[in-house]
**Student:** 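Got a structure here, written out as structure tokens. Questions coming.
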Amino acid sequence: QVQLVESGGGSVQAGGSLRLSCVTNGYIYSTNCMGWFRQAPGKEREGVAAIYRDYGTTDYADSVKGRFTISQDNAKNTVYLQMNSLKPEDTAMYYCAADRAADVTSCARWWTLSSFYGSWGQGTQVTVSS
């Protein structure tokens, strides 16, 4: 299994910014499609963003479009989630996930499904206060 480690979570005021990092021990072809998910207490896990690492193609949930940006630094083997204009409803545990077999088409089609991913990080907590 690919190993993923998230970091960068914390507490921030509404309107503030935070950048999450996901460090992977896999090359881009073993972590082809990487997604960020979040889960708030009492709510279902929600796909936030995804990136197809080979091409850099990205997808976002409607709830975060225009505010969040997923990116990668292949030299550092890291995927980032830049979160701007944070809202209290963004408060959640954020998880990084990776699929090793996806191509760009399947990543775009299935990235929102938790079952699509074979590897998950431990999560990092993001708390946004009003």
**Student:** Do Phe37 and Thr112 have side-chain heavy atoms sitting under 4.5 Å apart?
**Tutor:** no
**Student:** Under a plain distance cut-off of 3.5 Å, with no hydrogens placed, do Asn77 and Thr24 share a side-chain donor-acceptor pair?
**Tutor:** no
**Student:** When you measure from the side chain of Tyr94 to the backbone N and O of Gly8, does any donor-acceptor pair fall under 3.5 Å?
**Tutor:** no
**Student:** To the nearest 0.5 Å, what is the distance between CD on Gln72 and OG1 on Thr78?
**Tutor:** 10.0 Å
**Student:** For Tyr80, does the six-membered ring have the charged nitrogen or CZ of Arg19 within the cation-pi criterion, i.e. under 6.0 angstrom from the centroid and within 45° of the normal?
**Tutor:** yes
**Student:** Any chain of hydrophobic side-chain contacts (each under 4.5 Å) joining Tyr95 to Leu113?
**Tutor:** yes
**Student:** Is it true that the side chains of Asn32 and Arg100 contain a donor and an acceptor less than 3.5 Å apart?
**Tutor:** no
**Student:** Which pair of heavy atoms, one from Ala102 and one from Cys33, lies closest together, and at what distance?
**Tutor:** CB-CB, 3.8 Å
**Student:** Give the cluster check for Val64 versus Val12: same hydrophobic cluster or not, with ILVMFWY residues linked at side-chain heavy-atom distances below 4.5 Å.
**Tutor:** yes
**Student:** Establish whether Val23 and Leu20 are linked, either directly or via other cluster members, by ILVMFWY side-chain heavy-atom contacts under 4.5 Å.
**Tutor:** no
**Student:** Looking at every heavy atom in both Met34 and Cys96, which two are closest together, and how far apart are they?
**Tutor:** CE-SG, 3.4 Å
**Student:** Can you check whether Trp36 and Phe68 have ring centres sitting under 6.0 Å from each other?
**Tutor:** no
**Student:** For Lys65, is there an ion pair with Asp62 - N to carboxylate O distance below 4.0 angstrom?
**Tutor:** yes
**Student:** Check the side chains of Ser130 and Gln13 for a donor-acceptor pair under 3.5 angstrom, ignoring hydrogens and angles.
**Tutor:** no
